[in-house]
Amino acid sequence: MFCPQCGTKNDDDAVFCSNCGADVSQAFSEAQASQPQQSDAGFSPPVQDSHTAAPTYVYQSGTAAVKPGTPMKTSTKITMAIIVVLIVACAALYNVAKQMNSPEKCAQTYFGAIQAKDWAKAYPFLDVTESDFINEANFAKMMEKSVGAQKIVNYSILDEKTLKSGTSNGTDDQMKDPLLAGGLTKVITVQYTVQGETEPQTVPVILVKQPQKNFFLFDTWKVSPGGYITPEADITVPYGTTAYLDGVKIPDSAKAEDVSSGDSSSDSSGSPNDQNNQPVSYQIKNIFAGTHVLKVTSPYTDDYTENVTADGDRLNAQVGGLQVKKSILDQVSQQAQQTIQDIYASAVAGKGFDSIKNSFISDSNVQSYLSENYDRLLDQIAAGDHSDNGFKSISVSDFNTQVLDSGENSGLFIKLTTDFNYAYTAVSPNYMDSTMPPQQQSYTDKGEISFTYTLIDGKWLIEDATGLALYRNYY
């Protein structure tokens with residue numbers, strides 16, 4: 001039977017409506033008694049219950065009765081349709097965004113850039129910290145040298161492995177990579193073929209999850225540079241030079257501290273090793289693997305260029321044997337000639353070593369050694385008024401300087417010898433008759449002095465000198 005109030009069908013023995021809870025037992029009996037029996041569909045007058053104020057119309061077809069419903073508004077239908085479409089669209093966009101931000105997609109896009117040799121597109125995928133030597137330009141140079149000649153025909157993603165720091169998954173080399181330590185990574189294996197080769201090759205693309213998420217709050221991934229990076233480069237160059245790597249000046253901040261403590265002691269020849277001449281060592285953190293151009297310049301030497309190789313583990317380069325510029329050799333040769341004149345002028349004037357010591361390096365052992373040599377010259381020339389013995393005057397001329405050796409050892413050096421003529425006027429006692437006054441004569445002769453110059457704080461100073469003494473006639 002149907003509820004006369006809401007039209008809901010109930011069991012014949014129901015007392016209350018299962019839908020609205022109205023008492024249907026008596027109301028249903030009264031309604032049945034007042035209605036004629038019909039076999040076809042027809043209209044039944046309204047039945048009013050004591051709980052309702054308005055009549056309810058019921059349409060019957062045989063024994064079935066249906067309450068008419070309120071039709072849904074068109075605007076409501078449109079709104080609900082829009083909501084459904086938006087939900088579906090958002091779900092689709094989410095799935096697309098998730099796929100586009102997946103490590104697989106990152107690896108695929110990165111390797112696609114490698115295949116196209118689009119280094120500018122591939123570089124931003126690398127998990128690197130930029131520096132003077134880690135940048136897009138150097139990455140492009142490295143890639144051109146290493147894979148530029150290859151033509152990758154096609155590639156595909158094979159599989160992936162999830163690695164965590166400290167696990168034994170993956171190769172030992174991968175887990176030793178300091179850029180992978182401490183973070184979740186994924187290894188995507190790429191298989192590719194190269195033009196002219198039949199066998200496919202595989203390469204692991206190691207992805208490192210970044211600490212920051214993207215706009216859609218998805219994880220972001222970057223490619224570990226792996227074998228692209230050499231973690232340390234040690235470069236040693238002569239004192240007083242400037243070093244460039246791939247055209248970039250190596251900054252002073254890269255200088256290693258306490259490269260050498262030096263040694264102020266003299267060797268068997270009396271020539272010391274000066275601390276200021278010690279080579280300069282640079283330590284560069286992280287450069288791209290492969291061949292690099294090392295250039296060393298200075299105002300005093302010919303430019304030096306060498307190709308050095310970073311093998312992925314380390315780079316060691318030590319530059320030596322630089323050649324001093326001819327213009328510098330000529331300059332120091334002229335300086336030697338002036339120094340010779342100054343030495344003899346000071347000696348004739350009876351001046352001590354302090355008058356010429358600025359021409360020599362400041363090392364105490366060198367100063368002591370050369371001071372002794374000068375004092376012997378001073379004794380020969382004789383200080384004072386030269387009234388009874390010694391040189392009254394000396395004039396040097398006709399210099400001929402020959403460079404014996406030059407370059408870089410513990411520092412930049414020049415060894416040269418200078419021949420010269422000298423004229424002098426000397427006095428000597430009258431050995432035949434001591435009562436007679438000293439005799440005075442003028443003579444000419446030849447001398448030769450050898451100097452070793454070294455560069456100290458931008459100045460060429462003498463660290464060794466031989467042949468200061470002059471020959472004179474006695475009568």
Side-chain angles (χ1 to χ4, degrees), residues 89-131 133-144 146-148 150 152 154-193 200-231 285-290 312-313:
C90 288
L93 288 174
Y94 177 86
N95 290 330
V96 171
K98 183 177 180 180
Q99 178 63 29
M100 293 299 294
N101 290 278
S102 68
E104 293 80 7
K105 185 62 177 180
C106 178
Q108 183 181 20
T109 306
Y110 166 74
F111 201 84
I114 298 297
Q115 180 193 30
K117 298 180 182 179
D118 188 345
W119 315 129
K121 182 178 180 181
Y123 177 73
F125 283 89
L126 292 184
D127 185 28
V128 294
T129 300
E130 287 203 325
S131 67
F133 305 102
I134 299 295
N135 51 53
E136 182 181 318
N138 285 342
F139 173 72
K141 291 178 183 178
M142 177 198 67
M143 296 302 289
E144 280 295 334
S146 60
V147 301
Q150 289 185 336
I152 299 174
N154 51 49
Y155 70 95
S156 62
I157 303 296
L158 288 186
D159 53 25
E160 67 177 29
K161 296 178 182 178
T162 302
L163 301 178
K164 289 187 178 180
S165 176
T167 67
S168 59
N169 292 333
T171 65
D172 292 340
D173 289 341
Q174 292 168 359
M175 296 314 300
K176 289 178 181 177
D177 190 334
L179 294 177
L180 299 182
L184 181 65
T185 67
K186 284 195 174 183
V187 178
I188 307 300
T189 302
V190 179
Q191 185 179 66
Y192 64 98
T193 56
Q201 302 179 40
T202 59
V203 61
V205 178
I206 304 174
L207 301 175
V208 182
K209 186 171 70 173
Q210 302 300 296
Q212 69 278 6
K213 295 182 181 295
N214 63 14
F215 176 78
F216 295 100
L217 300 181
F218 289 114
D219 290 331
T220 56
W221 300 84
K222 284 201 171 186
V223 178
S224 168
Y228 291 159
I229 297 291
T230 295
K285 301 297 183 183
N286 295 330
I287 63 171
F288 285 114
D313 293 327

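- The shortest side-chain heavy-atom distance between Lys213 and Asp219 falls under the 4.5 Å cut-off.
- Put simply, the side chain of Asn138 gets close to the backbone of Phe133: a donor and an acceptor are under 3.5 Å apart.
- When side chains are defined from C-beta on, Met143 does not count as touching Tyr123, because their heavy atoms never get closer than 4.5 Å.
- Taking each heavy atom of Pro103 and Ile188 in turn, the nearest pair found is O-CG1, 4.2 Å.
- Between the side chain of Lys121 and the backbone N or O of Thr109, no donor-acceptor pair lies under 3.5 Å.
- Here the straight-line distance linking atom CG of Leu207 with atom NZ of Lys222 works out to 12.0 Å at 0.5 Å rounding.
- The distance from the CD atom of Gln210 to the SG atom of Cys106 is 9.0 Å, given to the nearest 0.5 Å.
- Between Val190 and Ile157 the shortest side-chain heavy-atom distance falls below 4.5 Å.
- Taken from CD1 in Ile287 to OG1 in Thr230, the straight-line distance is 5.5 Å, to the nearest 0.5 Å.
- Scored by the side-chain contact (heavy atoms from CB on, under 4.5 Å) test, Thr129 finds no partners at all (sequence neighbours excluded).
- Counting heavy atoms from C-beta outward, Ser224 and Asp127 have side chains that stay 4.5 Å or more apart.
- The aromatic rings of Tyr228 and Phe139 lie perpendicular to each other, with more than 60° between the two planes, well past the 30° mark.
- Here the straight-line distance linking atom CD of Glu144 with atom NZ of Lys117 works out to 7.0 Å at 0.5 Å rounding.
- The backbone N or O of Ile152 sits less than 3.5 Å from a side-chain atom of Gln115, completing a donor-acceptor pair.
- Rounding to the nearest 0.5 Å gives a distance of 8.0 Å between CG of Asn135 and NZ of Lys141.
- Side-chain contact between Ile229 and Phe288 is present, with at least one heavy-atom pair separated by less than 4.5 Å.
- If you take CZ on Phe111 and CD on Gln191, they are separated by 10.5 Å, rounding to the nearest 0.5 Å.
- Side-chain atoms of Gln108 and Tyr155, non-hydrogen and from C-beta on, do get closer than 4.5 Å to each other.
- Considering every non-hydrogen atom in both Ser102 and Trp221, the closest pair reads C-CD1, 4.4 Å.
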